[in-house]
Amino acid sequence: MSVVVTGASGQLGRLVVEELLARVPAGQIAAVVRDKTKAAALAEQGVELRVADYDRPTTLAGAFRADDVVLLVSGNEVGRRIRQHTAVIDAAKTAAVARLVYTGILGGPAAAFMLADEHKATERAVLDSGLTYTFLRNGWYTENYTAQIPLQLEHGLVGAAGEGRIGAATRADYAAAAAVVLTTEGHEGKAYELSGDTAFTLAEYATELSRQSGKDITYRDVPTPTLLSTLTGAGVPQPLAEILVDVDTSGIRRGLLRGGSGDLSRLIGRPSTPLTDAIAAALNI
């Protein structure tokens, strides 16, 4: 039996493999990648590489084997993920894998905002497949904000989230949870609502960034049309900009990304990474 991670050269998948290497022998880990050269470092550590592409279903036929425990890391191409995920699910079913773990979104069926639609459809497809499953419903990544710190230091923050609180955690936190679920028993048929221990508003984020950077960073809450035009003006494609605006207005503002179940810290056996630490790491201080 192998623990198989799809999208293993991506931002989350790579961290999951690193966590797995600390838990099980490298020979028990398989990484599904589109390009072997981008995962050469994993092969050097003894991880098996399996080449497959979500967009080429025929390549997925050799990606999974009977009794594998598979992590389906959700694709990052909004609008294409249902087709991509369905191809992975079909291949996993054909191979008779032992369990399929899927990284969805916080709230699952109750996540009533546009970005969640493809995740909800994927969960339905997993249930319809009859596969033994575990759903990891990841909350917002802290990196969604900290990766933008250079721009924030220059222009501040703009959003439409109001006083909505965000239960964000780092990718490393979510990767640790995935590694636990992939390598331990008792997770069959379960859905974990994963979020950071402490939720923050964007105004609070700006305050903390100001404190650590020594610069006066403000958060401007703007009307929906203003945020949409700001994003498109910065080069974000219109369809993606509309989804990002909807995350603020339909997700964060309404409390749907606040979290608070405690599932994440219970799984990883430690507190989630505090916002203060995530900002400090991004600032390299």
Side-chain angles (χ1 to χ4, degrees), residues 1-32 42 47-48 50 63-75 85 88-89 91-93 95-109 111 116 119-120 122-127 129-142 167-197 259-273:
M1 183 185 74
S2 293
V3 179
V4 184
V5 179
T6 71
S9 57
Q11 290 179 303
L12 179 62
R14 183 177 66 252
L15 291 172
V16 174
V17 174
E18 290 176 5
E19 287 282 345
L20 290 172
L21 284 167
R23 293 175 173 274
V24 297
Q28 294 180 18
I29 305 169
V32 177
L42 295 179
V47 174
E48 178 189 358
R50 301 180 186 177
F64 311 122
R65 295 161 194 170
D67 297 327
D68 282 348
V69 177
V70 177
L71 175 67
L72 168 52
V73 176
S74 60
H85 296 171
V88 175
I89 293 164
K93 181 177 181 180
V97 304
R99 181 161 51 102
L100 183 67
V101 181
Y102 174 63
T103 62
I105 199 163
L106 189 66
H119 292 295
K120 292 191 286 188
T122 300
E123 286 198 6
R124 288 194 295 270
V126 172
L127 294 173
S129 74
L131 287 165
T132 301
Y133 69 89
T134 308
F135 293 146
L136 299 177
R137 294 172 175 163
N138 290 351
W140 216 226
Y141 296 147
T142 312
T170 64
R171 283 191 181 90
D173 291 335
Y174 294 120
V180 169
V181 166
L182 289 166
T183 58
T184 58
E185 300 296 328
H187 308 291
E188 295 81 1
K190 293 187 176 180
Y192 294 105
E193 301 288 345
L194 305 180
S195 61
D197 294 330
S261 72
D263 283 352
L264 178 58
S265 55
R266 280 193 292 271
L267 279 175
I268 62 180
R270 60 168 174 80
S272 62
T273 304

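Shown here for Ala30 and Arg50, the closest heavy-atom pair between the two residues is CB-NE, 3.5 Å. For the residue pair Ser195 and Gly259, the shortest heavy atom distance occurs at OG-CA, 3.4 Å. Contact detail for Leu267 and Ala177: the closest heavy-atom pair is CD1-CB, 4.1 Å. For the pair His85 and Ser74, the tightest heavy-atom approach, listed with the atom from each and the gap, is NE2-CA, 3.4 Å. Residue Ala63 comes nearest to Asp68 through the heavy atom pair O-OD2, 4.5 Å, listed as atom of the first residue, atom of the second, then distance. Between Ala98 and Thr132, the shortest heavy-atom distance links the atoms O-CB, 3.4 Å.
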Donor-acceptor pairs are to be reported for all side-chain atoms of residues 180-192 against protein atoms at under 3.5 Å, with residues two or more places apart or in another chain.
from, atom 1, to, atom 2, distance (Å)
Thr183, OG1, Ala179, O, 2.7
Thr184, OG1, Val180, O, 2.6
Thr184, OG1, His187, NE2, 2.6
His187, ND1, Tyr192, OH, 2.7
Glu188, OE1, Gly186, N, 3.4
Lys190, NZ, Gly186, O, 3.1

Please tabulate, one pair per line, all N/O donor-acceptor pairs under 3.5 Å involving side-chain atoms of residues 18-26, not counting sequence neighbours.
none

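Among residues two or more places apart in sequence or in another chain, the side-chain contact (heavy atoms from CB on, under 4.5 Å) test is passed with Glu193 by Leu106, Arg137, Ser261, Asp263. With sequence neighbours left out, the side-chain contact (heavy atoms from CB on, under 4.5 Å) criterion links Thr6 to Val32, Tyr54, Phe64, Val70, Leu72, Val73. Qualifying side-chain contact (heavy atoms from CB on, under 4.5 Å) partners for Ala111, counting only residues two or more places apart in sequence or in other chains: Ile105, Phe113, Ala116.
Listed by first and then second residue, the ring pair (Phe, Tyr, Trp, His ring centres under 6.0 Å) pairs that reach into residues 8-28 come to none, sequence neighbours excluded.
Taking the six-membered ring where the residue is Trp, Tyr102 and Phe135 present perpendicular rings, their angle passing 60° and hence far from 30°.
For Thr170 (side chain) and Thr142 (main-chain N/O), no donor-acceptor pair under 3.5 Å exists by modelled atom type.
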Residue pair Tyr174, Leu136: steps toward the side chain to side chain contact (heavy atoms under 4.5 Å, CB included) verdict: CA-CA 9 Å; Tyr174 294 120; Leu136 299 177; over 6 Å; no

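Distance CG/Asn138 to CG/Leu264: 8.0 Å, rounded to 0.5 Å.
Under 3.5 Å, the side chains of Asp173 and Thr273 contain a donor-acceptor pair of N or O atoms. With no hydrogens or angles considered, no side-chain donor-acceptor pair links Ser2 and Arg65 at under 3.5 Å.
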